[in-house]
Amino acid sequence: MDESKRTSFVPLLCLFFLLVAAAAPGCAAYNPRMLFLVKPDPIVLQDHHGALLTGNITVNILYYGRFAPSQRAIVADFVRSVSAPTTRAAQAGPSVASWWRVTSLYRGGGARLRLGRQLLDERMSLGRSLSLENVTALAKAAGHHRGAITAVLTAPDVLVDPFCMFRCGVHDHASAGAHGRALYTYLWAGNPAKQCPGQCAWPFARPVYGPPMPPLMSPSGDVGMDGVVISLAALLAGTVTNPYGDGYYQGDLGMEAATACTGIFGSGAYPGYPGTLLKDPATGASYNAVGLGGRKYLLPALWDPTTSKCRTLV
């Protein structure tokens with residue numbers, strides 16, 4: 001996909017510093033420099049009436065580089081929790097499933113996600129330094145694209161140009177099939193633990209940009225993986241509501257379901273402050289959603305099309 005079609009998620013404190021791309025993004029990026037930007041309501045994401053992802057959608061995950069089993073479990077449990085039945089998701093505090101249900105308010109009624117294949121590429125078949133074209137190739141090689149989203153997650157020591165400087169992750173679509181006529185969706189998110197925790201794991205790391213704020217305790221105890229979950233959550237929401245660049249987005253800035261609410265995790269958020277969050281009394285960790293098995297997460301606010309406002313869980 002041409003770089004001019006990519007839009008960014010940047011944490012600058014002033015909207016006029018936003019680096020953006022073309023009006024009809026084919027690929028949307030989760031850019032670190034917006035992690036501290038809280039935009040005023042109302043925000044209107046225009047429905048461009050293109051196809052959305054609805055119904056049952058499988059999320060296949062390719063782990064590129066070394067991920068410990070405990071790290072993979074954080075991601076797998078999150079995906080399983082997204083569309084968990086109410087009876088299984090009934091836990092103390094707001095649930096991951098209730099966070100995801102905001103996407104059902106978009107045209108088409110939303111997508112029900114389930115965890116599919118989990119693939120490991122620990123030997124890094126394309127090397128330790130990747131381009132976004134390499135990410136596309138990895139997603140394509142993973143196969144099983146029908147009715148699925150392929151998530152490529154890269155380890156902390158894998159360099160993806162332009163990770164950290166311009167983005168924490170992207171989602172896009174590409175063609176597959178014998179004649180290249182079938183479209184499939186994929187996303188990439190990087191683990192920022194070594195390269196840029198202050199950019200892509202805020203508010204669990206001291207920010208590089210914006211007002212200084214002491215980092216919060218991450219719910220899993222793994223700052224990098226909790227940053228991956230924030231990026232993954234935002235990109236999944238963007239993928240189902242704007243999979244092919246002609247769904248829901250704000251024209252000139254390319255904002256989507258989660259990126260329209262960048263930096264907002266709880267009520268009362270403002271630049272440099274993520275908002276009111278829940279705190280685990282045992283660990284002191286900050287979170288706003290509970291998944292299956294009681295696992296806690298911090299998830300970004302999502303734009304609610306019925307109110308044109310960012311909806312938070314707490």
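These figures come from a predicted structure and were not determined experimentally. Keep in mind that the numbers below use all heavy atoms, side chains included, and drop hydrogens, waters and symmetry copies.
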Trace of the side chain to side chain contact (heavy atoms under 4.5 Å, CB included) decision for V160 with W188: CA-CA 10 Å; V160 181; W188 156 71; 3.6 Å; yes

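- Residues forming a side chain to side chain donor-acceptor pair (under 3.5 Å) with D222 (at least two apart in sequence, or on another chain): Q71.
- Here the shortest heavy-atom pairing between H144 and N60 reads O-ND2, 3.2 Å.
- Considering only residues two or more places apart in sequence or on other chains, S267 meets the side chain to side chain contact (heavy atoms under 4.5 Å, CB included) condition with T276, T312.
- Listed here is the closest heavy atom pair of A201 and P192: CB-CG, 4.0 Å.
- Separation of atoms CG (L138) and OG (S125) is listed at 5.5 Å; rounding is to 0.5 Å.
- A 4.5 Å side-chain heavy-atom check between P94 and L278 finds at least one atom pair inside the cut-off.
- For the pair L119 and A142, the tightest heavy-atom approach, listed with the atom from each and the gap, is CD1-CB, 3.9 Å.
- Proximity of Y64 to L153: side-chain heavy atoms (C-beta onward) are nowhere separated by under 4.5 Å.
- In this view, R107 and D47 satisfy the salt bridge (charged side-chain N to carboxylate O under 4.0 Å, His left out) rule, not counting sequence neighbours.
- In this structure, the separation between CG on D121 and CG on L62 is 6.0 Å, given to the nearest 0.5 Å.
- Screening residues 272-294 for salt bridge (Lys or Arg N to Asp or Glu O under 4.0 Å) gives D280-K296 as the qualifying pairs, with residues at least two apart or on separate chains.
- Under the side chain to side chain contact (heavy atoms under 4.5 Å, CB included) criterion, A289 pairs with V96, L299, L313, not counting sequence neighbours.
- Listed by chain and number, the residues in a ring pair (Phe, Tyr, Trp, His ring centres under 6.0 Å) with F78 are Y297 (sequence neighbours excluded).
- With N242 contributing its side chain and G247 its backbone, the two residues share a donor-acceptor pair below 3.5 Å.
- Contact annotation: the side chain of V240 approaches that of W100 to within less than 4.5 Å [non-hydrogen atoms, C-beta and beyond].
- Of the inter-residue distances, the one linking L302 atom CG with I264 atom CD1 reads 10.5 Å to the nearest 0.5 angstrom.
- Residue S286 comes nearest to P219 through the heavy atom pair O-CD, 3.5 Å, listed as atom of the first residue, atom of the second, then distance.
- Under a 3.5 Å cut-off, the side chain of W99 and the backbone N or O of P300 do form a donor-acceptor pair.
- In this view, R66 and E122 satisfy the salt bridge (charged side-chain N to carboxylate O under 4.0 Å, His left out) rule, not counting sequence neighbours.
- Panel note: side chain S81, backbone L292; a donor-acceptor pair is recorded below 3.5 Å.
- Separating the CG atom in L130 from the OG1 atom in T136 is a distance of 11.0 Å, to the nearest 0.5 Å.
- For Q195, the side chain to side chain contact (heavy atoms under 4.5 Å, CB included) test picks out L159, F163, C164, with sequence neighbours left out.
- Put simply, the residue from L187, V79, V75, T239 that forms a side-chain contact (heavy atoms from CB on, under 4.5 Å) with V59 is V79.
- The main-chain N or O of M255 is never found under 3.5 Å from a side-chain atom of W303 such that the two would form a donor-acceptor pair.
- In this view, D157 and R128, A155, K194 satisfy the side chain to side chain contact (heavy atoms under 4.5 Å, CB included) rule, not counting sequence neighbours.
- Shortest non-hydrogen contact noted between T54 and G108 is CG2-O, 3.6 Å.
- Atom CG of N56 and atom OG of S83 lie 8.5 Å apart (nearest 0.5 Å).
- Under the 4.5 Å side-chain criterion, counting only non-hydrogen atoms from C-beta, P274 is in contact with W202.
- Taking F204 as the reference, nothing meets the ring pair (Phe, Tyr, Trp, His ring centres under 6.0 Å) condition, with sequence neighbours excluded.
- Between L236 and L113 there is a side-chain heavy-atom pair separated by less than 4.5 Å.
- In this structure, M217 is not a member of the same hydrophobic cluster as V290, with clusters built from ILVMFWY side-chain heavy atoms closer than 4.5 Å.
- D226 has its side chain out of reach of L298: every pair of non-hydrogen atoms, C-beta onward, lies at least 4.5 Å apart.
- Using cut-offs of 30° and 60° on the angle between ring planes, the pair H173 and Y244 is perpendicular.
- Within the 4.5 Å cutoff, the side chain of C310 has heavy atoms near those of the I43 side chain.
- Contacts of D304 classified as salt bridge (charged side-chain N to carboxylate O under 4.0 Å, His left out), with partners at least two apart in sequence or in another chain: R311.
- Other residues, nucleotides and ligands contribute over 12 non-hydrogen atoms within 6.0 Å of the CE atom of M213.
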Going through the distances and angles, do F67 and M225 end up as a side chain to side chain contact (heavy atoms under 4.5 Å, CB included)? CA-CA 10 Å; F67 286 84; M225 289 309 298; 3.9 Å; yes

Please assess Y186 against H171 for the test ring-ring contact (aromatic ring centres under 6.0 Å, His included), listing each intermediate value before the final yes or no. CA-CA 6 Å; Y186 68 94; H171 77 83; 8.9 Å; no

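- Side-chain contact check for F265 versus I230: some heavy-atom pair is nearer than 4.5 Å.
- Atom-to-atom distance recorded for S104:OG and R112:CZ is 10.5 Å, nearest 0.5 angstrom.
- By the salt bridge (charged side-chain N to carboxylate O under 4.0 Å, His left out) test, D161 is found to be paired with no residue, residues two or more places apart in sequence or in another chain being considered.
- Considering every non-hydrogen atom in both A76 and Q118, the closest pair reads CB-OE1, 3.8 Å.
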